[in-house]
Amino acid sequence: MHKPIKYVEKAVTATANIAWQVFDRLNQFNQNASFTPKWSDKPLLKSYEKQKPTLGWPRETDSLCPKCIPELRNKVVNGETPMEVLLNEKNGEIKAQIIERDGKILMVKECEIHGKFEDLMSIDPAFSKHLEDVFPGRDIRAHNDEKLHNHGTSTITHGRGSVLTIDLTNRCNMMCDPCFMDANQVGFVHELSWEDIKTMLDNAITIKPRRQMSVQFSGGEPTLSPYFLDAVRYSRKVGYNSVQAATNGIEFAKSTEFCKQAAEAGLRYAYLQFDGVGNEANSHRRVGNLFDVKLKAITNLHNAGVDIVPVITIINSINNEQVGAVVRFALDNPKIISFLSFQPVSFTGRDEEVTPERRAAQRYTLSHLAHDVKNQVGLGIPTRDWFPISFMSTFSDWADLVHGPEHEWGQLSCGCHPNCGIGMALMVDKETKEARPVTAFLNADQLAKDIAKVNDAARGKKLSIIGVSLALLRNYKPFEAPTHFRLMDLLQKFDKCFGATGRSYGKVTGDRTMKDIELRRADRWNFLFIAGMWFQDLFNYDFRRTEQCIIPYATQQGEISFCAYNTGVGWRNIIEKMHMTASLTKWYEENGRHEIFAGGKSVGLDEQKHKLLLNDADVQRERQHDMDITGVAKNAREEKIKVRDEKMKETMKESAKNAEMAKLYRQHVLKEPKPEGGFVPLGALGGIAPAAPKKVEKIEEVGTFGD
C-alpha cells in the first residue's frame, strides 16, 4: 500500500509534464548565445557543439605495444635515449581494433616486432553500448595550458579534469600487490619539496577552463610526507574546496589527534584503500590486522569531520566476490559512507610484466562490476541504472549556466571517455536503510535530454531553474521511490548537489566549520554513489581516453594524464628518476628507515573500538581461493619466485646433462676404464671438466625502505 502523498505527487508529475511541453516549445525560439565565464576564455558549449571520439565497434584506435614501451622507457631512464623522443616521435605506438567476438568486447593489436596482443574490454556488449549511447561529449578544449600540457601524443587536450592528483612522496608504509607505482622498490626516494607543492597548486589554476575544484594528495602514502598538513592547508587557501588524501589509513588509525589536525587543515575526503570486509578479505595486502585498521581509521576520520570514500582495487579471482560485501557495508552504515570507488586492476607498476595466464585470470572490467553488484546484492539493472560518470557533465553545464559569467570556478565536470568510469546512484534512507537506485524512480536518459535543451536555450538563472524543476518533476516516478522519499526531497537533493538557489545546506568552502559538516550530514537521505574507475595498462591502452583524462597528475614536468603517468609511456618512472630526492643509501643515512607493515605484521592500535555496523557472515568469510587451484601465480611477487625456481630447475638439469656428457666422453673418447664406484671428476684427471652450474641471479622478494 502506497502512502497517500504518492498519489498527490503522481498528479503533480502529470501536471509538470504538460507544463514542460509548453515551456519547451516556447524555449526553442530566439535562444541566447552562450556566455564566456570568468574561468574560461571560451564560451560554454551547447550540447550539439560537443565533440565525441569515434565510438561503437568495430573501430580502430591508437594504442601501444606492451613490449616496445618498457624497452623505450628504460632507455630514456638510463640516459641512452633523450626524453624529447617522447614529445616528437611515436615510438611503440601501434593501431588497435576494438571488436565484438563471442559475446565479448575485445581489444586486439599487433606489433611487427613482438606479435599479437589481445585483451578483454567487456563481458556485456549491450551494457557497453548503453554507456556509449548516453555519453554527452567532451568538455571545452583546454587552453592557457601550453606550459603544463606538452607531452607528445599523451597530452591532455580536453577539459580541466575533476581531480588534480599530486604524489607527495614515493615512500610507503606498506608493500602491496598490486601497486601501480611500485612503491618502495625503485631504489630511490622521490619526495616533493614545499616549493614544488606550492608551484604545482598555483600552476593548476592557471589552466582554463578552470574547473579544478578538487585536489587529491597521493603517493606512496601521502601522510608520510612532512608537508602533508601544510599541503592540505595551502590547497584550501588558493581555492580548492575539495581536498582529498588517497591513503591506506594507517596513520589515521593510529592517531585521533592527527585526524583532527588534518580536518582542521581542510581535509574533506579520505580515499581509503579498502579491499573487502574482514581481515581475510584484505590478507593479500600482507598486513595482519588491516581490516581493523580500516575500521579504526573510518571512525577517527568521521569523528573529526572528514568524509570517507572506500577505494576497492578489484582483481578477478582474488577479491571480486567482495563486491557485494563492500556494498552491504555501505548500506549498513549510511550515515558514514556515501561513496564507493571500485577500481578494476591495472597491470602496471609492480605488475607490468604480468604473465598472459595471470592477466587472463585476473582481468576485471566495468561490465563485471555492474553485474557483480546486481548478482551479489540484488541492486541495479546494468543497462538502466549504470551510466558513464561523464553523463553528469550535462548537469554540471546547467550549474555553470545558473551560476553566471562572474563565477570564479567552473562546476566540477567529469568529462572522461565512456570506457573510463561508470556509476550507479542509490537513494538510501538513513533511518530505515531502505535503498533504491535513483534511476529506478527517475528517468535519467530523458532527464538529461531535457536539461540539455534548457542549457542550449541559455535563458538565464530563473528560467533555467524553472525548466530543470519541470524536467525533474515530469521524469519522477513516485511509486518507484523509497517509501518515505518525497518529491520535495528530490528537488532539495538536486539543489544541494549543484547549489543553484543559494540556500545553505552547510558550507563546503575553506571556512566551513563542524557545524556546517553536521548540517550536511543531518539530511535523512544518503545519495550513495557507487563508482567504477578503470585505469588503463599497456594491454588495453587507448589514446582517445588519455586525451580527455579527468584525473591529471601535477608533476615537475607539467600535468599528465593519470594513465599516461602510471602506465602508457610511463612518465612516472622518467620524472621521478629525473627529480629524485636521494638514493636509498643516502636517505637511510640522513633520515633513517620508517616502519613498514608487511609479511603479516600488525599495526599497533591503542584500542579496537569503532562505530560501524558489520555483517558477521561477511566478516567471517574466508579469503577467495580461486587462484589456488589454477597453479597460476597470484601476484608479481609469486611470479618472481616462480621464475627463480624455474631458473634453478633449468640450472640443475643443465648440470646433470653436462655430467652425463662428461661421463660418456671419458668412456667412449678417452677410452678410460670405468673405475670402481664410477668415474672420478674429469677435472681431477686433467681432462675436460663438466661445465660449472650457471649462477642464479638473486631475486629479492621484498626490498623496502624499512626492512
Side-chain angles (χ1 to χ4, degrees), residues 64 69-92 145-156 161 163-172 179-204 206-207 215-222 224-225 227 231 246 346 348-350 352 535-538 541 543 546-547 549 551-584 586-587 705:
L64 295 168
I69 290 301
E71 294 172 2
L72 172 62
R73 184 196 309 140
N74 288 336
K75 289 180 180 179
V76 175
V77 169
N78 295 331
E80 301 170 27
T81 299
M83 188 183 71
E84 284 68 28
V85 301
L86 304 179
L87 306 180
N88 305 317
E89 300 179 21
K90 296 187 176 183
N91 294 345
D145 65 331
E146 294 78 9
K147 292 181 180 180
L148 298 179
H149 288 164
N150 180 27
H151 304 95
T153 48
S154 299
T155 300
I156 298 173
V163 181
L164 180 72
T165 307
I166 298 180
D167 280 353
L168 296 180
T169 179
N170 71 341
R171 295 186 295 127
C172 190
C179 177
F180 62 75
M181 70 166 294
D182 206 9
N184 289 348
Q185 300 231 60
V186 293
F188 59 85
V189 175
H190 175 264
E191 193 155 283
L192 298 182
S193 69
W194 178 235
E195 287 305 314
D196 288 332
I197 296 167
K198 288 199 298 182
T199 299
M200 290 176 187
L201 289 167
D202 291 341
N203 285 344
T206 66
I207 295 177
V215 60
Q216 183 174 109
F217 294 110
S218 185
E221 172 55 41
L224 296 186
S225 166
Y227 303 113
S346 171
T348 187
R350 200 165 291 163
E352 187 172 69
F535 300 115
Q536 302 181 88
D537 50 49
L538 288 172
Y541 203 84
F543 279 98
T546 306
E547 63 196 15
C549 177
I551 311 178
Y553 263 92
T555 78
Q556 288 111 325
Q557 298 296 126
E559 295 187 11
I560 307 173
S561 152
F562 188 102
C563 292
Y565 191 61
N566 290 309
T567 182
V569 170
W571 284 93
R572 174 191 291 281
N573 306 67
I574 297 165
I575 292 172
E576 289 189 348
K577 188 67 179 291
M578 286 173 61
H579 298 277
M580 76 175 190
T581 307
S583 66
L584 276 182
K586 185 177 180 182
W587 182 269
F705 284 97

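None of these values were measured; they are calculated from a predicted model.
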Next on the checklist: Any heavy-atom pair between the side chains of I560 and I575 that's under 4.5 Å?
Outcome noted: yes
Checklist entry - Between C172 and G220, which heavy-atom pair has the shortest distance, and what is it? => result CB-CA, 4.1 Å
Item to check | Point-to-point distance, once rounded to the nearest 0.5 Å, from OG of S154 to NE2 of H149 | outcome: 12.0 Å
Next on the checklist: With a 4.5 Å cut-off on side-chain heavy atoms, are L538 and T348 touching?
Outcome noted: no
Next on the checklist: S583: which residues meet the side-chain contact (heavy atoms from CB on, under 4.5 Å) condition with it, sequence neighbours left out?
Outcome noted: T585, K586
Next on the checklist: Donor-acceptor pair, distance only, cut-off 3.5 Å: does the side chain of T567 make one with the backbone of C563?
Outcome noted: no
Checklist entry - Do you know the tightest heavy-atom contact between G568 and I69? => result O-CG2, 3.1 Å
Item to check | CA sep, side-chain torsions, deciding dist, call: F217, D167, side chain to side chain contact (heavy atoms under 4.5 Å, CB included) | outcome: CA-CA 6 Å; F217 294 110; D167 280 353; over 6 Å; no
Item to check | salt bridge (Lys or Arg N to Asp or Glu O under 4.0 Å) partners of E547, counting only residues at least two apart | outcome: R138, R544
Item to check | By ring-ring contact (aromatic ring centres under 6.0 Å, His included) - contacts of Y541 (at least two apart) | outcome: F543
Item to check | Derivation and outcome, side chain to side chain contact (heavy atoms under 4.5 Å, CB included), residues V189 and N170 | outcome: CA-CA 6 Å; V189 175; N170 71 341; 4.0 Å; yes
Checklist outcome for this item: Interatomic distance, CE@M578 vs CG@N573, rounded to 0.5 Å, equals 13.0 Å
Item to check | Heavy-atom check, side chain of T169 versus side chain of H190, under 4.5 Å | outcome: no
Next on the checklist: If the condition is side chain to side chain donor-acceptor pair (under 3.5 Å), which residues does Q557 pass it with, not counting sequence neighbours?
Outcome noted: H579
Item to check | Partners passing side chain to side chain donor-acceptor pair (under 3.5 Å) against D202 (at least two apart in sequence or in another chain) | outcome: Y234
What donor-acceptor contacts under 3.5 angstrom involve side-chain atoms of residues 77-91, with partners at least two apart or in another chain?
residue : atom : partner : partner atom : Å
N78     : ND2  : N74     : O            : 3.0
N88     : ND2  : E84     : O            : 3.2
E89     : OE1  : N91     : ND2          : 3.4

Item to check | salt bridge (Lys or Arg N to Asp or Glu O under 4.0 Å) involving E191 - partner list, sequence neighbours excluded | outcome: R171
Next on the checklist: Side chains of T546 and F562, heavy atoms from C-beta outward: is any pair under 4.5 Å?
Outcome noted: no
Checklist entry - Are any of the side-chain heavy atoms of L192 and Y227 separated by less than 4.5 Å? => result no
Checklist outcome for this item: Nearest heavy-atom contact between P552 and I156 is CB-CD1, 3.7 Å
Checklist entry - Can you find a pair of side-chain heavy atoms, one from E352 and one from P70, that are under 4.5 Å apart? => result yes
Item to check | Listed partners of E146 passing salt bridge (Lys or Arg N to Asp or Glu O under 4.0 Å), at least two apart | outcome: none
Next on the checklist: Show the nearest heavy-atom pair for residues A554 and E559, with the distance to one decimal.
Outcome noted: CA-CG, 4.1 Å
Checklist entry - Do R572 and R73 touch side chain to side chain, with heavy atoms closer than 4.5 Å? => result no
Next on the checklist: So Y553 and I166, do their side chains get closer than 4.5 Å, heavy atoms only?
Outcome noted: no
Checklist entry - G219 and P222: which non-hydrogen atoms are nearest, and at how many Å? => result N-CD, 4.1 Å
Checklist entry - What residues form a side chain to side chain donor-acceptor pair (under 3.5 Å) with T581, not counting sequence neighbours? => result none
Checklist entry - Nearest 0.5 Å, what's the OG1-CE distance between T165 and M200? => result 12.0 Å
Checklist entry - Can you name the closest pair of heavy atoms from I197 and A231 and give their distance? => result CG2-CB, 3.9 Å
Item to check | Residues forming a side chain to side chain donor-acceptor pair (under 3.5 Å) with S193, sequence neighbours excluded | outcome: D196
